[in-house]
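Step one of this worksheet: look at the structure below.
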Number of protein chains: 2
Amino acid sequence: MLPGMRLVVARCSVDYTGRLSAHLPMAPRLLMLKADGSILVHADGGSYKPLNWMTPPCTLKEDDAVWTVTNTKSGDQLRITIDEVLHDSTHELGVDPGLRKDGVEAHLQELLAADPTALGEGYTLVRREFPTAIGPVDLMCRNADGVSVAIEVKRRGEIDGVEQLTRYLELLNRDPLLAPVQGVFCAQQIKPQARVLAEDRGIRCVTVDYDALRGTVDHTQPTLF
Amino acid sequence: MLPGMRLVVARCSVDYTGRLSAHLPMAPRLLMLKADGSILVHADGGSYKPLNWMTPPCTLKEDDAVWTVTNTKSGDQLRITIDEVLHDSTHELGVDPGLRKDGVEAHLQELLAADPTALGEGYTLVRREFPTAIGPVDLMCRNADGVSVAIEVKRRGEIDGVEQLTRYLELLNRDPLLAPVQGVFCAQQIKPQARVLAEDRGIRCVTVDYDALRGTVDHTQPTLF
DNA sequence: AATTGAATCTCGCCC
DNA sequence: GGGCGAGGTTCAATT
């Protein structure tokens, strides 16, 4: 896509007809035309949501002072009547490498590593991402009695996670230097059937409150993550 | 707010820490800084949603090549590291007069209340927002035989709406003063699986054309839409 | 101010 | 590709 992103600041009025009908009176606004033909109409304020927009796939027809953007799939139309162009520039941005979300799970693991007592009285951290032949265990701890505890951390606790932890425990308990290794299944929410399965296998379930956990961990120095 | 909207095209990397952690690798992007201090990071593609953003109230600290945007309420932070500025301009847009919407569910309900015969021959309105213990029924009507009919109105008819109406009907039919109560599921478009579910439960489906409906309803006095 | 529910939702997952 | 569920949901209307 060569055209790149075009930024137009213009006094304009906008009419949308599609799922609903909407109208924007004549006023100065930013028109963002993306390479894929989509268009956003932004005002100076409000949130991240544009006043009006058209999602791809769509085509732009520039006819004198009237731009018509038509969604080629739904037929939705955006009619923009330009009164005065205040700015017009085009910028080649290329394809964005995209957002990497260090979702809640990674951050949860981090917080629990910083304060393992949320998992059990007297718990201490051995290490994060404890390596095994079938993949790393999220957290390896010791309980108050010095017994090893493997911890699986999930945002939402489901059957899959219990199975995963079970495999780790089976493997870890074959190691005479580590055995016995207990298991803790930790998540913000644990589904009933996952809890039943876990407890049936002698795995303890711990639900943690993310915000509460954040509160307990020291925030005096910036973490940067 | 004098500063207006500032548009910066720059090679930048972005780090967000707040409810979650997220990272955008170094790449050219559009940074939209609005007068209220909020900021949007857009790529050339995707939907109307920015790659990353900060909602007001927030403050921007421009420190050489690193911009730090902090939400003054939640403490969420956006760190933008600028590698190269490709464009930088500011535009005074003023306060936007705002969007006027038409054709929402409420208006559809209004039109059907004004002319219930679109729902069935001889239908008459009992009342809008008919109260029940689990919430109001959109429209309560009587059919040509005087039988009560509960009507659920949606813009788009999906499974959820059928379930909702089913719950109402179950409740209403326990009331000996009302029972039997029939059901009509009314929408501009009804998804096939919703239609199947509804009809399987004895709920009649009616699709209505918004514009046609507007035409049948008296327009001698202005409706403001 | 808190709550509720729709949204031109968007986005990702899993089937 | 459709359904389901969550989102830094956002947004508006209502209590």
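Since we're looking at a predicted model, the values are computed, not measured. In what follows, every chain begins at residue 1, and chains take the letters A, B, ... in the order their sequences are listed.
- Rounded to whole Å, atom C1' of C:dT4 lies 13 Å from atom CD of B:Gln164.
- Of the options A:Gln77, A:Arg79, A:His23, a side chain to side chain donor-acceptor pair (under 3.5 Å) to A:Asp15 is made by A:His23 and by none of the others.
- At least one donor-acceptor pair under 3.5 Å links the side chain of B:Thr72 to the backbone N or O of B:Pro57.
- Contact annotation: B:Lys154 reaches the phosphate of C:dA6 (side-chain N/O to OP1 or OP2, under 4.0 Å).
- A:Met54 places its CE atom 16 Å from the C1' atom of C:dA7, with the value rounded to the nearest Å.
- Regarding A:Leu40, its CG atom lies at a distance of 14 Å from the C1' atom of C:dC9, rounded to whole Å.
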Show each protein N/O and nucleotides 13-15 of chain C N/O combination with a separation under 3.5 Å, one pair to a line.
none

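- For B:Asp96 against A:Pro28, the heavy-atom pair with the smallest separation is OD2-O, 4.3 Å.
- At the phosphate of C:dC9, neither OP1 nor OP2 sits under 4.0 Å from any side-chain N or O atom of B:Ser47.
- B:Arg204 and B:Gln182 share no side-chain donor-acceptor pair at under 3.5 Å.
- When the C1' atom of C:dC11 is taken as reference, atom OH of B:Tyr48 falls 11 Å away, rounded to whole Å.
- To the nearest angstrom, P of C:dG5 lies 16 Å from CD of B:Glu163.
- The line from CG of A:Leu7 to CE of B:Met32 is 8.0 Å long, rounded to the nearest 0.5 Å.
- As rounded to whole Å, 12 Å separates atom P of C:dG5 from atom CD of B:Glu152.
- The distance from atom CG of B:Leu99 to atom P of C:dC9 is 14 Å, rounded to the nearest whole Å.
- The side chain of B:Lys49 approaches C:dT10 more closely than any other nucleotide in the set C:dC9, D:dT9, C:dT10.
- A donor and an acceptor atom, one from each side chain of A:Arg201 and A:Thr166, are located under 3.5 Å apart.
- Atoms CZ and CG, from A:Arg6 and A:Leu33 in turn, are 6.0 Å apart once rounded to the nearest 0.5 Å.
- Following rounding to the nearest Å, B:Leu51 (CG) and C:dT10 (C1') show an atom-to-atom distance of 13 Å.
- Residue contacts shown for A:Ser74 are absent, as no nucleic acid heavy atom lies under 4.0 Å away.
- Among the protein residues, A:Tyr16 comes within range of the nucleic acid bases, having at least one heavy atom under 4.0 Å from a base atom.
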